[in-house]
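Quick note on labels: first sequence line is chain A, next is B, and so on, each numbered from 1.
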Number of protein chains: 2
Amino acid sequence: MPTIKDLAKELGVSVSTVSRALNNHPDIRQETKQEVLEAMKRINYTPNALARSLIQRKSNTIGLMIPDITDPFFSAMAHDVEEVLSDNGYLVIYVNTSRRPDKEKRFLTSVLERKMDGIIVTPDFLDEDGIELLQRLKIPVVFLRRRPPQGLEMPFVDVDHYEGACNAMDYLFSLGHKEIGFIGMPQYSFTGKERYRGYIDSLQKRGLEPNPKGVIWDGRTMECGSRSMGRLMEEYPAMTAVFAANDLLGIGALEWLAAHDISVPGQMSVIGFDNLEVSNLHWIKLSTVAQPRKEMGRKAAELLMQMLLDNRLTADSILLNTQLIIRQTCSEAKI
Amino acid sequence: MPTIKDLAKELGVSVSTVSRALNNHPDIRQETKQEVLEAMKRINYTPNALARSLIQRKSNTIGLMIPDITDPFFSAMAHDVEEVLSDNGYLVIYVNTSRRPDKEKRFLTSVLERKMDGIIVTPDFLDEDGIELLQRLKIPVVFLRRRPPQGLEMPFVDVDHYEGACNAMDYLFSLGHKEIGFIGMPQYSFTGKERYRGYIDSLQKRGLEPNPKGVIWDGRTMECGSRSMGRLMEEYPAMTAVFAANDLLGIGALEWLAAHDISVPGQMSVIGFDNLEVSNLHWIKLSTVAQPRKEMGRKAAELLMQMLLDNRLTADSILLNTQLIIRQTCSEAKI
DNA sequence: CTGAAAGCGCTTACAG
DNA sequence: CTGAAAGCGCTTACAG
């Protein structure tokens, strides 16, 4: 691999001159620059970004820490994150944490070692060590779909899960439902907790007593939704509607209902949260709460770029609005 | 940020000694090593991976070039690629090409600049420039779901799309179908072409004349499948079965059929390819051809690791088997 | 506008 | 087992 020295030798100039030509420095004669550029092609010279990063203290890489790229939510965000970052000349290094604390920590260590310029993170378990690592970073950090822990002055971009849940509940109330079940995501899940909070508060705001048997926590998959629906039907027979904390859960519930010949929305109303692509399938048409998921990735990346540009470690968070999507799985409560 | 110098000063030893302690070099006293490790924690020293890479000529990063992380296929593979690579101490840099030639090339340039140790690629447009770049790399490359172009001695890992398509067709034949339509992916698509080849060859092997009106090329989405189904019904009325080149297309076809009250499989059989998660939904139950998609990512990463370990630029390709998944969208042809 | 020199933070023969 | 020195491939004041 030819280096800048080879290029300088080829032209009989100094490496400083070559460097200046390559980095379009103002102090360089146009002609010289042209010659350098041509010779560069001729000898197939490619600058070594590692060496450049070392001296410039800027690696032009951004770290992206997500729970699981396989989740359509995160892949959508990862797509847009990569798109805006690569348009800005950055490379993105991505890590799946699989929601494991050790992998979260390992990622943060890599960030330090590789001198990444900024990171976008979606941590599920941030303990003291993690927080300390985050503080030592001294680079822009934006939280995506998570809130920064107390004491860390870092922005986040997310959707208002609480408000979205309230909107879903209000819609159910407007149809006359009073006995509403809840299928939750894992208890540690931040988004799951927020949505649950919306469910409970909505009930209480209306003076309705939440039925302790009306809430089930299982996992986040379709199978969990199906299983939960079965249990709910047994333990909460008065129920006329179900709020599933995410669409996968909601679709699982629909599956269970279809398999047991319970008509939707005739006998049971179901509403989800996320607005996955599948939810709009001809056979499903799940009413749900949509989140601008591509926009979130984009916003997070843009926010990070702005912080990098302004050389600031903090900025204003962005809370995006959800949108109630009314399809065909909810109807008036039978009286 | 403390450097190795600070650490050496802290302990009153030379940087060479510190370096040896950190890289568990054999020539080091256990005691010294312990002290270094402790001091490292004390002063919060993190090695600079950039400097290390520069001198070791090994960046411990692997590039992953994929068309679109949003595609469940690629996100599944990306997940496993990241998993095995990070278990081996590598970081993965990922780029979506969006099936754009310029982005493919830009990625390859980055690989050169960042001195990546190896790459896993899924190119859609590899022209001369691209091939030349690939040759200049001199690092292990594995093709994922694509074949290396003529003259490049590089391994691939993929599924036998052709054979999978033949199996799907054989299944249709075994049910008595003779008039079979084909909904294709975009014409430039490698996997699409292979599956089409399986379709055509299967027909001809049985002495059946392919009906030119029986083949439609549109896009790769559900909407395309739906639209294509409509056109096929119009132009090829004798058709009793459809082979959709991917599940999304197949599900789109099912949607169109459901919307037009044509019963499946009673009046029309449909088979797909991919075995997406949605295809197994209660309402869909699409018969299809499954590919071990997670395994592919894993295999590709393992192959790459092996090449890195053996210090070889080539290796044997891996062609995985598909599996016919019979569900509920195909039945005997009406006579 | 150009060049010589120092330095980014490491590793690795080489000598002891 | 340890240290001094050279060097990885660049950039950037500094001097001219």
Side-chain angles (χ1 to χ4, degrees), chain A residues 1-37 39-40 43-61 89 109-117 138-139, chain B residues 1-37 39-40 43-61 89 109-117 138-139:
Chain A
M1 288 274 96
T3 72
I4 197 173
K5 258 187 182 161
D6 300 313
L7 189 46
K9 207 176 300 169
E10 166 88 7
L11 288 162
V13 298
S14 73
V15 292
S16 331
T17 300
V18 175
S19 174
R20 277 188 280 257
L22 261 29
N23 296 286
N24 45 300
H25 193 91
D27 288 353
I28 186 94
R29 199 156 44 110
Q30 269 309 316
E31 252 175 81
T32 318
K33 190 166 169 178
Q34 273 313 319
E35 282 170 26
V36 171
L37 261 22
M40 174 177 167
I43 71 168
N44 266 342
Y45 167 71
T46 317
N48 183 327
L50 262 24
R52 173 184 290 168
S53 296
L54 181 59
I55 204 160
Q56 287 188 152
R57 295 146 184 300
K58 183 164 184 341
S59 65
N60 291 301
T61 58
T109 306
S110 299
V111 174
L112 232 28
E113 291 174 346
R114 318 295 301 216
K115 306 292 170 194
M116 298 184 200
D117 297 328
K138 310 226 182 305
I139 57 172
Chain B
M1 287 272 96
T3 72
I4 197 173
K5 257 187 182 163
D6 301 312
L7 189 47
K9 206 176 299 168
E10 166 89 6
L11 288 161
V13 298
S14 74
V15 292
S16 330
T17 301
V18 174
S19 174
R20 277 187 280 257
L22 261 29
N23 296 287
N24 45 301
H25 192 90
D27 288 352
I28 187 94
R29 198 156 47 108
Q30 269 310 316
E31 251 175 83
T32 319
K33 191 167 169 178
Q34 273 315 319
E35 282 170 27
V36 171
L37 261 22
M40 175 179 167
I43 72 167
N44 267 340
Y45 167 71
T46 317
N48 183 327
L50 261 24
R52 173 184 291 167
S53 296
L54 181 59
I55 205 161
Q56 288 188 151
R57 297 149 180 300
K58 183 165 183 341
S59 65
N60 292 300
T61 57
T109 307
S110 299
V111 174
L112 232 28
E113 291 173 346
R114 317 296 301 217
K115 306 293 170 194
M116 298 185 200
D117 298 328
K138 308 222 183 307
I139 57 173

**Q** Per the atom types in the model, does the base of C:dG9 pair as donor or acceptor with the side chain of A:R57 at under 3.5 Å?
**A**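 By the distance-only test, no, there is no pair.
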**Q** For D:dA4, what is the paired nucleotide under Watson-Crick or G-U wobble rules, both distances under 3.5 Å?
**A**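 Matched D:dA4 with nothing under the 3.5 Å cut-off.
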**Q** Could you check which of D:dC1, C:dC1, C:dG9 has an atom nearest any side-chain atom of A:T32?
**A** C:dC1
**Q** For C:dT11, does OP1 or OP2 lie under 4.0 Å from any side-chain N or O of B:S19?
**A** yes
**Q** Using heavy atoms to find the nearest nucleotide of DNA chain D for A:P47 and B:R20 separately, return the residue whose nucleotide is more 5′.
**A** B:R20
**Q** Distance check: side-chain N/O of B:N48 vs OP1/OP2 of C:dC8, anything under 4.0 Å?
**A** no
**Q** With the side chain of B:Y45 defined as its heavy atoms from C-beta on, choose the nearest nucleotide among D:dC10, C:dC10, D:dC8.
**A** C:dC10
**Q** Tell me which residues in residues 2-16 of chain A put a heavy atom below 4.0 Å from DNA chain D, sorted by number, or none.
**A**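 Contacting residues: A:T3, A:I4, A:S16.
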**Q** Does A:R52 have a side-chain nitrogen or oxygen under 4.0 Å from the phosphate oxygens OP1 or OP2 of D:dT11?
**A** yes
**Q** Starting at CG of B:D27 and ending at P of C:dA15, how long is that distance when rounded to a whole Å?
**A**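 That distance rounds to 16 Å.
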**Q** From the set D:dG9, C:dT2, C:dT11, return the single nucleotide nearest to any side-chain atom of A:I28.
**A** C:dT2
**Q** Only pairs with both distances under 3.5 Å count, Watson-Crick or wobble alike; so what is the partner of D:dA13 in this structure?
**A**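 No nucleotide pairs with D:dA13.
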